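Down below is the structure, laid out as structure tokens.
In this text, all values refer to a predicted model and were calculated from it rather than measured experimentally.
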Amino acid sequence: MAKNLVIVESPAKAKTIEKFLGADYKVLSSNGHIRDLKERTFSIDIEHNFEPIYEIPAGKKAVVASLKSEANKANTVWLASDEDREGEAISWHLSEVLNLKNKDTKRIVFHEITKNAILEAIQQPRSINLNLVKAQQARRVLDRIVGFELSPVLWKRIKPALSAGRVQSVTVRLIVEREREVQSFHSTASYRVVAAFAVQDGRKKTELKAELGQRFATEQEARQFLEGCKNASFSVTGLEKHPLKKKPAPPFTTSTLQQEANRKLGLSVSQTMSIAQRLYEDGKITYMRTDSVNLSSLALNTAKKVITETMGAEYAKTRRFTTHQKGAQEAHEAIRPTYMANKTIEGKPMEKKLYDLIWKRTVASQMADAEVEKTTITIGMEGSDRKFVAEGETIVFDGFLKVYRETVEDEDEQNEEARALPTVKVGDALQQKSITATERFTQHPPRYTEAGLVSKLEELGIGRPSTYAPTISTIQKREYVEKVNLPGEERRYKVLTLKDGALSEETKTERYGAEKNKLVPTDVGMVVNDFLMASFPDILDYNFTASVEGQFDEIATGHKEWTQTIADFYRHFHPEVERAEKAKEAHKVGERLLGNDPRSGKPVYVKIGRYGPIAQMGSAEDEEKPRFAQLKKNMSIETVTLDEVLELFKLPRTLGQYEGHEVTVGAGRFGPYVAYNKTYVSIPKTSDPLTLTLEEAVQLIQAKKEADQKKHLKKFDEDPDMEILNGRYGPYIAYKGSNYKIPKGKDPNALTLDECKAIVEQQGSKPATARRRTTRRAR
DNA sequence: CAGTGAGCGAGCTTCCGCTTGACTT
């Protein structure tokens, strides 16, 4: 029997550590937190000093039970959760729940999973830091208060099932504000002038391209300048060379890994995390949720060895990086290969690629600076003080660039690939080959990618490595933002070319502003954001998290009582909630009056309805009930016009009678449809619901009837619930709202009721329970 | 996956941070 029980947070970590510690130690994991505020209810007793009401979530009962029994058997329990606020709280909850207070219990910490680090930690046990635990409790309670008091206000004032919180609401704000910047951006044009000169470089003829140091605001100025160049002579007036050193980027943290995996491999934030998780569980990389750029001494040494052996000693340079990020807690190492000597691994293609990225980034971070010579050639024009400038780079020593180059997001054409320039000397006369002035446009700021957003959040100190991916998915699930591909637009631009003494003009077209996988706010996102900004400016402030973090630090150092901090916050926050809840305006939040219907004179609004953005004609006080119409996908509350909305009210239309029933055309959740005697038929995209005739509608109805007949293959008189249907994917069994697959090789028409029952029995009610679980989780 | 189609309405919804697991057709 093991005398010692060590409890860590992650099972993969437990496995590794057990190997280091030997037979006297059993290592188990808590799988993160084992206790939390009760689900579904507020669970903070405001009246009694904000006393939290904790519970062990259903999913954690089994873990807790097995920890309890092992703890009872052990002589000493070592609490080895991470060394940060959350980790300290995990240890405290363990100590409470497993009833360890009267036992020999020791708290230990380590930042890296190496044998030395762990043996050292065992030598330096301490007790649980209760101030740190209180700081975590304050964090937890504050988040619950904010989330559970704000969200219901949104249900009441905007629409049900929305949510707000310290992290997610600010994240949405970033996207909304960026979108508004994009929308209000006005592009301006200017003319960029580039000259190509013929140069004799040693024995070969080559070309030197240089850009005029200034752009022209108008075509006329550009034209004038080119005219002036016709007979001008050019010569080299300046030649500067200076050495430049480039340093490698630090090894990966969660956010930089997400960033680079997105740019280099096209992975989404959550894809990156799940692939990294597999690598971690296989023991191939260190922990993937970290904000630290620190590497263990073991890693530093082996990196040096690998670099020296494979590339030469001049390529190695040991570097220690330090974190400057706001709120970083550095409980783990940076993300790195566990064994630096493994340049490649076995695994699925994406696992290999992500590993390769991590390996290169880590190794590069321990390599020498790259040495570059930067050359700047200035070209003068006789009789003018305008100058052309050419910049070039040559690599003197590649250093870390041999292994890894960080991708920079950079769509600006000015920064062309740095290249070597031909050899010239000051005074050389240059012959012009061509000079062009090209119309260029300023560009709006780029919309956020998922990874770009994470990096912004990290910069602001909002959220943690473990929550970046979930936060991004929450705001998409709530439909505050969506990931879109924007095709961009075409535009025309002018090019003026001076060649062989003649000036010519050409108009070209280009596509611009195309964006892939970018985040844009929905109508609901914008309305919710505007409402929160107006009612809770403090919570939505980009510095809110940083400022409460400062207070949590004071609690952690024992300078403040946690209940006092929360009481101070609650005292001014709660009245704001009550005010925002009560404020009874005549119209709902986010409503916009577009004008009046020219036929009825009734006012036409757009707003957020229970099921999303809608248009409303007439008001609730009118005798006649108002009419509603759902906005189409591409419409936005902020920009839609009265005429566009009036189109929507042209449905439903009545087409006439068919076999004694009224035939109407409506627009529903799934697009336009024909309704007739309680049956509904979707209108195909090829027909226009506004001009559809009665004859065409009847055709659709008949086609649907036929399809329905084919659909019901078999019914059983003894059990009307059991049916064999023909679906899009072939025949299947439908029974009490669930569908079941017919086993291969069976003739669906020959099935008996008993056989069907057996199939239902065999496949069980699994599909229904599975579905329920996924939807529950989707909330 | 397999069908869906109202009317602004009860029910119920929600936070952040630690960690993995499992319905696969």
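For B/dT20, the OP1/OP2 oxygens have a side-chain nitrogen or oxygen of A/Gln277 closer than 4.0 Å. One finds a side-chain N or O of A/Arg478 lying less than 4.0 angstrom from the OP1 or OP2 phosphate oxygen of B/dC15. Within the structure, every side-chain polar atom (N or O) of A/Thr467 is placed at least 4.0 Å from both OP1 and OP2 of B/dC16. Dashed line: the shortest gap from a side-chain N or O of A/Tyr287 to OP1 or OP2 of B/dT19 is under 4.0 Å.
Using a 4.0 Å heavy-atom distance criterion, A/Leu162 is classed as a sugar-phosphate-only contact. When heavy atoms are screened at a 4.0 angstrom cut-off, A/Gly32 is found touching base atoms of the nucleic acid. At the heavy-atom level, A/Ser91 lies nowhere under 4.0 Å from the strands shown. A/Ser10 comes within 4.0 angstrom of the backbone, heavy atoms only, and of no base. When heavy atoms are screened at a 4.0 angstrom cut-off, A/Arg464 is found touching the sugar-phosphate backbone but no base atom. At the heavy-atom level, A/Gly59 lies nowhere under 4.0 Å from the strands shown. Among the atoms of the strands shown, only primed sugar atoms or phosphate atoms (P, OP1, OP2) are found under 4.0 Å from some heavy atom of A/Gln168. A/Val167 comes within 4.0 angstrom of the backbone, heavy atoms only, and of no base.
For the pair A/Gln137/A/Phe50, no side-chain contact is recorded, criterion being any heavy-atom separation below 4.5 Å from C-beta on. With a 4.5 Å cut-off on side-chain heavy atoms, A/Leu94 and A/Ile34 count as touching. Within the 4.5 Å cutoff, side-chain heavy atoms of A/Phe536 are placed close to those of A/Val577.
Between the side chain of A/Arg139 and the base of B/dC16, at least one donor-acceptor pair of N or O atoms lies under 3.5 Å. A donor N or O paired with an acceptor N or O is found under 3.5 Å between the base of B/dC15 and the side-chain atoms of A/Arg140.
Of all nucleotides listed (B/dG17, B/dT19, B/dT14), B/dT19 comes nearest to the side chain of A/Arg289. Among the nucleotides B/dT19, B/dC15, B/dC8, the one closest to any side-chain atom of A/Ser163 is B/dC15. Taking only side-chain atoms of A/Glu86, from C-beta outward, the nucleotide of B/dG17, B/dT14, B/dC8 with the closest atom is B/dG17. In the set B/dC15, B/dT20, B/dC16, B/dC16 carries the atom at the smallest distance from any side-chain atom of A/Arg166. Of the candidates B/dT19, B/dG17, B/dT14, the closest approach to any side-chain atom of A/His33 belongs to B/dG17. Which of B/dT19, B/dC8, B/dC15 sits closest to the side chain of A/Ser151 comes down to B/dC15.
Between A/Ile608 atom CD1 and B/dT13 atom P there is a gap of 22 Å when expressed in whole angstrom units. At whole-Å resolution of the value, OH in A/Tyr280 and C1' in B/dG21 are 15 Å apart. Whole-Å rounding puts the A/Arg40 CZ to B/dG11 C1' distance at 14 Å. B/dC16 atom P lies 11 Å from atom CG of A/Leu457, rounded to whole Å. Rounded to an integer number of Å, the gap from NZ of A/Lys60 to C1' of B/dC18 is 7 Å. We find that CD1 of A/Ile462 is positioned 13 Å from C1' of B/dC16, with the value rounded to whole Å. At whole-Å resolution of the value, CD1 in A/Ile90 and C1' in B/dG17 are 9 Å apart. Protein atom CZ of A/Phe148 is 10 Å distant from nucleotide atom C1' of B/dT13, rounded to whole Å.
The separation of B/dC23 from B/dC1, taken at their P atoms, amounts to 16 Å, rounded to a whole angstrom. For the C1' atoms, the distance linking B/dA10 with B/dA6 amounts to 15 Å, nearest Å. Rounded to a whole angstrom, the distance from the C1' atom of B/dA2 to that of B/dT25 is 12 Å. Atom name P, nucleotides B/dT24 and B/dG3: the rounded distance is 23 Å, in whole Å.
Going from atom CZ of A/Arg107 over to atom OG of A/Ser95 covers 11.0 Å, rounded to the nearest 0.5 Å.
Remark: of the listed residues A/Lys326, A/Arg139, A/Arg85, A/Arg85 is the sole one forming a side-chain hydrogen bond (donor to acceptor under 3.5 Å, both in side chains) with A/Glu549.
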Q.
With side chain to side chain donor-acceptor pair (under 3.5 Å) as the criterion, how do A/Gln258 and A/Glu458 come out once you've worked through the C-alpha distance, each side chain's angles and the decisive distance to 0.1 Å?
A. CA-CA 12 Å; A/Gln258 289 171 345; A/Glu458 185 184 45; over 6 Å; no
Q: Walk me through it: do A/Phe531 and A/Leu154 pass the test side chain to side chain contact (heavy atoms under 4.5 Å, CB included)?
A: CA-CA 9 Å; A/Phe531 173 69; A/Leu154 297 181; 3.6 Å; yes
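With the nearest nucleotide of DNA chain B identified for both A/Pro152 and A/Thr471, A/Pro152 has the one nearer the 5' end. Sequence order on DNA chain B of the closest nucleotides to A/Ala164 and A/Glu281 puts A/Ala164 first from the 5' end.
The aromatic rings of A/His33 and A/His93 sit perpendicular, their planes meeting at an angle over 60°, well past the 30° parallel limit.
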